[in-house]
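Reading through the structure tokens given below for one structure.
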Amino acid sequence: MRKWKNILAVMTAALLLIGCGASNAANMNTVSIGKDGMIAHTIVEEFERNFYDVSELEAMAQEKIKKYSSGEGSIVCESVEANNGKVIVKMTYQTGEDYTSYNRRELFSGTVGEAFEKGYSLKDIVKEDGTPISDEELSSIRENHVVIVQTKAGEELDVNVYDKILYTSAGITLSGKRDAIIAAGEEELLSCIVFQ
């Protein structure tokens, strides 16, 4: 009897994991920042089979990569797939510069101090409760990490980082300790996420 209970428990756990995987399937554009500096980008768009098929989209992505890639493997199209009326493209970039070049939109990933050196201003960042951080607090976080990313008008973006989020630009919603959602704006946005 105990053996059957163990088998049932394992099967239940497996079904729960399958269910969790299905519910976490990509449903919005996502940028993930790796500790090694690698950037993973998942693009989710409506898919009209009347105009393209998946192989054509993948070929177009590969052609565009050849045009913008700064070196061997600096930009990689990991996969292109169609699922429930959407096309999901998974890309990786070795650096923020590769992402910026390919997507024609800004992405910086580094320390807060490096962001200051590049001319970025972080004066509008806030704590989780929406309180602006002071100049003193801002000067004390130079060694923390930051991702600064541009979104186009009407674009919502999920940003995953590799450590706990400390501060963000106003209007960003935290959906986990390492996960933030930039809401679609009426115009282009340059958003900051500071993390440990």
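Taking all atoms of both residues into account, the shortest heavy-atom contact from M91 to I43 is CG-CD1, 4.3 Å. Residues V44 and M28 share a closest heavy-atom pair of CG2-O, 3.6 Å. Residues A183 and L189 share a closest heavy-atom pair of O-CD1, 3.8 Å. The two residues I75 and I65 have their closest heavy-atom pair at O-CG2, 3.5 Å. Of all the heavy atoms in L174 and A180, the pair that sits closest is CD2-CB, 3.9 Å.
Distance check: I133 CD1 to S140 OG gives 7.0 Å after rounding to the nearest 0.5 Å. Atom CD1 of I33 sits about 5.0 Å away from atom CG of L107, to the nearest 0.5 Å. Interatomic distance, CG of N27 versus OG1 of T42, reported as 11.0 Å (0.5 Å rounding). Here CD1 of I172 is found 10.5 Å from CD1 of I181. Values are rounded to the nearest 0.5 Å. The OG atom of S109 sits 9.0 Å away from atom CD of E114, with the distance rounded to the nearest 0.5 Å. R178 CZ to Q196 CD: the interatomic distance, rounded to the nearest 0.5 Å, is 9.0 Å.
T100 and E97 are not linked by any side-chain donor-acceptor pair at a separation below 3.5 angstrom, with hydrogens and angles left out of the test. In summary, the side chains of D98 and T95 do present a donor paired with an acceptor at a separation below 3.5 Å, with no hydrogens or angles considered. For the residue pair T92/E78, the side-chain donor-acceptor check at 3.5 Å is satisfied.
Side-chain contact between N29 and V31 is absent, with no heavy atoms from C-beta onward closer than 4.5 Å. Two residues are said to be in side-chain contact when any heavy atoms from C-beta on lie closer than 4.5 Å; T111 and V146 fail this criterion. Inter-residue side-chain proximity for V112 and V194 is flagged as met; some heavy-atom pair is nearer than 4.5 Å. In this structure the side chain of T30 never reaches within 4.5 angstrom of the side chain of V159, judged on heavy atoms.
The cluster map of Ile, Leu, Val, Met, Phe, Trp and Tyr, joined by side-chain heavy atoms under 4.5 Å apart, puts V147 and L190 in different clusters. In the hydrophobic clustering of this structure, V89 groups with I39; members are Ile, Leu, Val, Met, Phe, Trp, Tyr whose side-chain heavy atoms approach within less than 4.5 Å, directly or through other members.
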Would D135 and K123 satisfy side-chain contact (heavy atoms from CB on, under 4.5 Å), going step by step from the backbone distance to the final call?
-> CA-CA 8 Å; D135 289 340; K123 290 192 180 274; 3.9 Å; yes
For L122 and I148, what are the C-alpha separation, side-chain angles and deciding distance, and is it a side-chain contact (heavy atoms from CB on, under 4.5 Å)?
-> CA-CA 9 Å; L122 305 181; I148 301 170; 4.0 Å; yes
K127 and E137: CA distance, side-chain angles, deciding distance, salt bridge (charged side-chain N to carboxylate O under 4.0 Å, His left out) verdict | CA-CA 11 Å; K127 299 175 185 174; E137 287 173 304; 3.2 Å; yes
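Sorted by first then second residue, the salt bridge (Lys or Arg N to Asp or Glu O under 4.0 Å) pairs that include residues 27-45, not counting sequence neighbours, number zero. Under the ring pair (Phe, Tyr, Trp, His ring centres under 6.0 Å) criterion, the residue pairs touching residues 120-139 are F108-Y120, with sequence neighbours excluded.
Cluster partners of M38, using a side-chain heavy-atom cutoff of under 4.5 Å among ILVMFWY residues and allowing indirect links: none.
Under the ring-ring contact (aromatic ring centres under 6.0 Å, His included) criterion, Y99 pairs with H41, Y93, sequence neighbours left out.
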Give the table of side-chain donor-acceptor pairs shorter than 3.5 Å for residues 149-157, with sequence neighbours excluded, one pair per line with atom names and distance.
unit_1: Q150; atom_1: OE1; unit_2: E106; atom_2: N; d: 2.8
unit_1: Q150; atom_1: NE2; unit_2: E188; atom_2: OE1; d: 2.8
unit_1: K152; atom_1: NZ; unit_2: E188; atom_2: OE2; d: 3.3
unit_1: E155; atom_1: OE1; unit_2: R105; atom_2: NH1; d: 2.4
unit_1: E155; atom_1: OE1; unit_2: K152; atom_2: N; d: 2.9
unit_1: E155; atom_1: OE2; unit_2: R105; atom_2: NH1; d: 3.0

Scan the side chains in residues 161-170 for donor-acceptor partners under 3.5 Å anywhere in the protein, sequence neighbours excluded, and list what turns up.
unit_1: Y162; atom_1: OH; unit_2: H145; atom_2: NE2; d: 3.4
unit_1: S169; atom_1: OG; unit_2: C192; atom_2: N; d: 2.7

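Within 6.0 Å of NZ on K64 lie more than 12 heavy atoms contributed by other residues, nucleotides or ligands.
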